[in-house]
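Heads up: the structure comes next, in structure tokens.
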Amino acid sequence: RGKCNLAGWWQNELGSEMLVFNANSKGNFSGEYYTAVSSAQKPIETSPLRGSQHLDEDGKCTFGFTVNWSKFSDSTTVFVGQRFEDHRGQEVLKTGWLLRHKVNSLHDDWQATRVGTNIFTRLNCKEE
Ligand SMILES: O=C1C=CC(=NNc2ccccc2C(=O)O)C=C1
């Protein structure tokens, strides 16, 4: 597992957490996303994520992954980004995302996709 190992626990600035499993030899990985964002205070449930990363050895791999918010709402978020180490050597995932929520008619398609950015940092307190 080279320097670009994304496996483990991450947290974004919204307080959402995700557990990423080890990528296979093709760079494909899966994981579980625990959103801090949900209208109703539903019990924290996990949403599945699936993604793909580059396995370059310099530790600055690019990646993308999709979160299916199946349990919460008929919507999907795709994240795309890159791993960096900051000046303190802390790992950071700089990402952009698109959130698509289901709309009932083609006429509403214009308002169905939101865009934003997220920064994920490692959650060291959690074990595997
Ligand atoms: O039912 C839902 C629907 C959409 C959601 N979007 N979360 C996000 C969308 C973009 C970036 C981060 C998050 C997050 O949850 O951290 C979460 C639960």
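Here, residue 1 is the first one in the sequence, and each next residue gets the next number. Both ligands and their constituent atoms are indexed starting at 1 by order of listing. Note: hydrogens, waters and symmetry copies are ignored here, and every other heavy atom, side chains too, is used.
Atom numbering of ligand 1 starts at 1 in the shown order; those under 4.0 Å from a heavy atom of Ser16 are 14 (C), 15 (O), 16 (O). Heavy-atom contacts of Phe79 reach the following atoms of ligand 1: 11 (C), 12 (C) (cutoff under 4.0 Å). With ligand atoms numbered from 1 in the order given, ligand 1 contributes 14 (C), 15 (O), 17 (C) to contacts under 4.0 Å with heavy atoms of Thr35. Proximity to Tyr33 (heavy-atom distance under 4.0 Å) selects the following atoms of ligand 1: 12 (C), 13 (C), 14 (C), 15 (O), 16 (O). Close approach of ligand 1 to Thr77 is summarised as follows: ligand atoms under 4.0 Å from at least one heavy atom of the residue are 9 (C), 10 (C).
Residue contacts with ligand 1 include Ser75, since one or more of its heavy atoms lies under 4.0 Å from the ligand.
Taking Ile, Leu, Val, Met, Phe, Trp and Tyr as hydrophobic and joining them when side-chain heavy atoms fall under 4.5 Å apart, one finds Leu106 isolated, its cluster having no other members.
Comment: Arg83 does not engage Asp56 in a salt bridge, judged by the lack of any side-chain N to carboxylate O separation of less than 4.0 angstrom. A salt bridge does not link Lys3 with Glu57: none of the charged nitrogens is closer than 4.0 Å to a carboxylate oxygen. With respect to Glu85 and Lys60, no salt bridge is recorded, no charged nitrogen being found less than 4.0 Å from a carboxylate O.
Between Asn12 and Asn118, the shortest heavy-atom distance links the atoms ND2-OD1, 2.9 Å.
Contacts between Asn118 and ligand 1, counted as non-hydrogen atom pairs separated by less than 4.0 Å, involve the side chain only.
Screening residues 99-118 for ring-ring contact (aromatic ring centres under 6.0 Å, His included) gives no qualifying pairs among residues at least two apart or on separate chains.
Nearest-heavy-atom check against atom 8 (C) of ligand 1 across Trp97, Tyr34, Phe120, Trp69 picks out Trp69.
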